[in-house]
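Only a predicted model underlies this, so the values are computations on that prediction, with no experimental measurement involved.
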Amino acid sequence: MEKIDDLDKKILEIISNNARIPFKDVANECGVSRAAIHQRVQRLIDMGVIIGSGYHVNPTSLGYNTCTYVGINLERGNQYNSVVEQLSKIPEIVECHFTTGAYTLLIKLYARDNKHLMELLNHKIQEIPQVISTETLISLEQSVRKEVPIGRLREEVPPIIGE
């Protein structure tokens, strides 16, 4: 993988805070040409550093008022792929993670209300034959949403003793 330099980090920090900022404004803030910003951003996309762009839709504006995390236990961990394939067909599931710890899988989903959540749990998720148990955690409020640290990551990590 190519190296990410300080200019790349500055660009990433700016555009991750405001994805709609014009490249000319990014160029002005970085002290380089707009063409340089275009080239850098395209390179970061090609390298897989930038993995998407777009708008985040507020689920409540579409009637999805209940954000829920569900821990799922499977009969065997090697059933992961087939279960994920079935879970991916449920439109309300927005994330699925294969995890260590108490659950085999951890999913995030949005439901219209508790009744809708119960339908998803009882008639979709728990109907998957390999699912042996679930634990449901309802999010009352999302308090933090941000990207990983970009610009100052190296300075914030304490040095390893002996370096």
Quick one: does Ile93's side chain get under 4.5 Å of Lys108's, heavy atoms only? no
Can you tell me how far the CD1 atom of Ile72 sits from the OG1 atom of Thr134, to the nearest 0.5 Å? 7.0 Å
Side-chain heavy-atom pair Val94, Ile107 within 4.5 angstrom cut-off: no
Apart from Ile51 itself, which Ile, Leu, Val, Met, Phe, Trp or Tyr residues share its cluster (side-chain heavy atoms under 4.5 Å, direct or through members)? none
Any pair with a residue in residues 37-62 that passes salt bridge (charged side-chain N to carboxylate O under 4.0 Å, His left out), sequence neighbours left out, goes on the list, sorted by first then second residue, please. Glu2-Arg43, Asp5-Arg40, Asp8-Arg40, Asp8-Arg43
Look only at the side chain of Asp25 and the backbone of Ile21, and say whether a donor-acceptor pair between them is shorter than 3.5 Å. no
Heavy-atom closest pair, residues Thr104 and Asn73: N-OD1, 3.5 Å
Taking salt bridge (charged side-chain N to carboxylate O under 4.0 Å, His left out) as the cut-off, I'd like each qualifying pair that reaches into residues 73-98, sequence neighbours left out, listed once. none
Can you pull out every ring-ring contact (aromatic ring centres under 6.0 Å, His included) where at least one residue sits in residues 35-54? Sequence neighbours excluded, please. Phe23-His38
For residues Gln86 and Pro129, determine if any side-chain heavy atom of one lies less than 4.5 Å from a side-chain heavy atom of the other. yes
Is there any ring-ring contact (aromatic ring centres under 6.0 Å, His included) pair reaching into residues 111-134, and which pairs are they, with sequence neighbours excluded? none
Would you say that Thr68 contacts Ser139 through its side chain, given a criterion of any heavy-atom pair below 4.5 Å between the two side chains? no
Verify the neighbour count for atom NZ of Lys124: are there more than 12 heavy atoms of other residues, nucleotides or ligands below 6.0 Å? no
I'd like to check Val70 versus Leu120 (side-chain heavy atoms, cut-off strictly below 4.5 Å). Are they in contact? no
Side chain proximity check, Ile14 to Cys30, heavy atoms < 4.5 angstrom: yes
Side-chain heavy atoms of Leu109 within contact of Thr66, under 4.5 Å: no
What ring-ring contact (aromatic ring centres under 6.0 Å, His included) pairs are there with at least one residue in residues 80-103, not counting sequence neighbours? Tyr80-Phe98
Nearest heavy-atom pair of Leu105 and Val83: which atoms, and what distance? CD1-CG1, 3.7 Å
